[in-house]
Number of protein chains: 2
Amino acid sequence: MKTPKIRRDQVIQAALDLLDQEGLDGLTLRKLALALDIQAPSLYWHFSGKQELIDAVADALVMNVVLPQSPDQPWDSRLRQIAAELRQALLQHRDGARVFAGTYVVSDNVLRVSEAMLEAFALAGVDVSCASTYSFSVLYYILGFVMEEQALGPHSAFDVTSRKTAFEELAKRSYPRNWAAQESIFSTDFDARFSTGLELIIAGVKQQASETARKAAPLLNAGKGVAGAARRRPERRG
Amino acid sequence: MKTPKIRRDQVIQAALDLLDQEGLDGLTLRKLALALDIQAPSLYWHFSGKQELIDAVADALVMNVVLPQSPDQPWDSRLRQIAAELRQALLQHRDGARVFAGTYVVSDNVLRVSEAMLEAFALAGVDVSCASTYSFSVLYYILGFVMEEQALGPHSAFDVTSRKTAFEELAKRSYPRNWAAQESIFSTDFDARFSTGLELIIAGVKQQASETARKAAPLLNAGKGVAGAARRRPERRG
DNA sequence: ACCTGAACACCGTTCAAGT
DNA sequence: ACCTGAACACCGTTCAAGT
């Protein structure tokens, strides 16, 4: 045929629409084909299978993240912005985090986000090896957080109320600290919670970076009574 | 009938076996029934549906985690142990992390782990509100990490090699920091990587806790020239 | 109380065939 | 080059019926 009925990007857009309407479990090749006014097997011309389609959708989710490369902000400010953008991008579509978490896409969009994170960590003074691990940590945090945020959201797959009562019964009886933390655990102020967890990571980077720097230049500080060294307990590992 | 053919825990055990053999995608009610020598609909007598079955499997995964309550170890040592136990438990069965991440079970086994984490953070001096957020952060990290560890493991669902070459092409051309970090990104020394990320969180807790303590007792430190305060840049938020 | 048989309403995927 | 029609081999779930 001279004029193809659909193009690849049209399929992806339709998939995003369908995702918003039906959720990930409702994102079906048959329904997708129906929305595009074609037959299900036709999709195999554009994608090798459902997984490749999902991968493309996941890639599309982070299409607009970190587009204008951060200016000369400090590294922690950069990281906060990247994290916020990534979270917002995942929140933009129903089950966004679940979609992204299930894929390990290697694409421009994904690597651009990764690159921005690595850059931020480099500015913080952490070496490449740690930086990559830290990037994954941040990514895991965001994905886990938004997955829960969306699981408890308007399209929740399970009965939140019944789960809460189950928690109350168990916690009240046997788990005092869970009981005491109940309010924070079921807090729906996701912005605040997201920030708290992210600041934890940022604080960790700050300390790890300063420790690394101290070890890298021992002659500068040796015997000078470095600030904070006195009240630091001896480390015990393993 | 007087003698039931199967009990609930036998179903769960069979499900774990099937999970190891076939993975999460192969964990099917029909196959499970076949392994138990019953018909698929019979499972609905013991479970309300597949999700409840998966929830029970997820619960079983962490059955033996944090059983002997930690002795008088310092909080960071406790956290390291909990994290290591949790990771090992998830690694014990194929797709363990994926199974657990998909569920939000409220059970004794899950709350016991949560309780141990909250306890560790309390010992570190963080308040309950932060402690719950931190617990989730740690959990997200572990789940994300092990999911990737298992995704790249012996039963990998995708072709790792082809993904690596795709990464190389992209990174070499346009993403220098990813290119430089390639070795660490594809490192299979998961023990070391897991530790690095966990220490990041622990370092964060240490700093956040010390900052909170400082703010909680400002009269003690006011005007005394607190160590490190001089070279700390003014904070800028939001 | 516990299990079966048959059926329903779906899936993803393959493949020869159309245009 | 792009799409269809028909079919295959599965799914989770329901439900009346058996014992």
Engineer: B/E52 CD to D/dG12 P: how many Å, rounded?
Structural biologist: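 Rounded to the whole Å, the gap is 15 Å.
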Engineer: Both atom distances under 3.5 Å, Watson-Crick or G-U wobble: I'd like the secondary structure of DNA chain C as a dot-bracket string, with | for pairs made across strands.
Structural biologist: ||.|||||...|||||.||
Engineer: Do the non-hydrogen side-chain atoms of A/L27 and A/E22 ever get within less than 4.5 Å of each other?
Structural biologist: no
Engineer: Would you call B/I54 and B/V99 a side-chain contact if the rule is heavy atoms closer than 4.5 Å?
Structural biologist: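 Yes, close enough: below the 4.5 Å cut-off.
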Engineer: OP1, OP2 of C/dT4 versus side-chain N and O of B/S42: anything below 4.0 Å?
Structural biologist: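 It does, given that an N or O in the side chain of B/S42 lies less than 4.0 Å from OP1 or OP2 of C/dT4.
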Engineer: Within the 4.5 Å heavy-atom criterion, are B/V65 and B/N109 side-chain neighbours or not?
Structural biologist: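 No, their side chains stay 4.5 Å or more apart.
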Engineer: Check whether any side-chain heavy atom of A/V11 sits under 4.5 Å from a side-chain heavy atom of A/L36, and report yes or no.
Structural biologist: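 Result yes, sub-4.5 Å side-chain heavy-atom pair found.
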Engineer: Using the salt bridge (charged side-chain N to carboxylate O under 4.0 Å, His left out) rule, take A/D76 and A/R80 through it: C-alpha gap first, then chi angles, then the decisive distance, then the call.
Structural biologist: CA-CA 6 Å; A/D76 54 342; A/R80 270 185 276 264; 3.0 Å; yes
Engineer: Calculate the interatomic distance between A/R8 atom CZ and D/dA1 atom C1'; express it in whole Å.
Structural biologist: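 Distance, rounded to whole Å: 16 Å.
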Engineer: Given atom CG of B/L29 and atom P of D/dT13, what is their separation to the nearest angstrom?
Structural biologist: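 One finds 6 Å between P of D/dT13 and CG of B/L29, rounded.
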Engineer: Side chain of A/A40: nearest nucleotide among C/dT13, D/dT13, C/dC3?
Structural biologist: C/dT13
Engineer: Please determine whether a side-chain nitrogen or oxygen atom of B/H46 lies at a distance below 4.0 Å from atom OP1 or OP2 of C/dA1.
Structural biologist: no
Engineer: Anything under 30° is parallel, anything over 60° is perpendicular, the rest tilted; go ahead and classify A/Y140 against B/Y141.
Structural biologist: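 Plane angle between 30° and 60°, so tilted.
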Engineer: What nucleic acid atoms does B/T28 come within less than 4.0 Å of, heavy atoms only: base, sugar-phosphate, or nothing?
Structural biologist: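 Sugar-phosphate only.
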Engineer: Nearest whole Å is fine: how far is C/dA16 C1' from A/W45 CH2?
Structural biologist: 15 Å
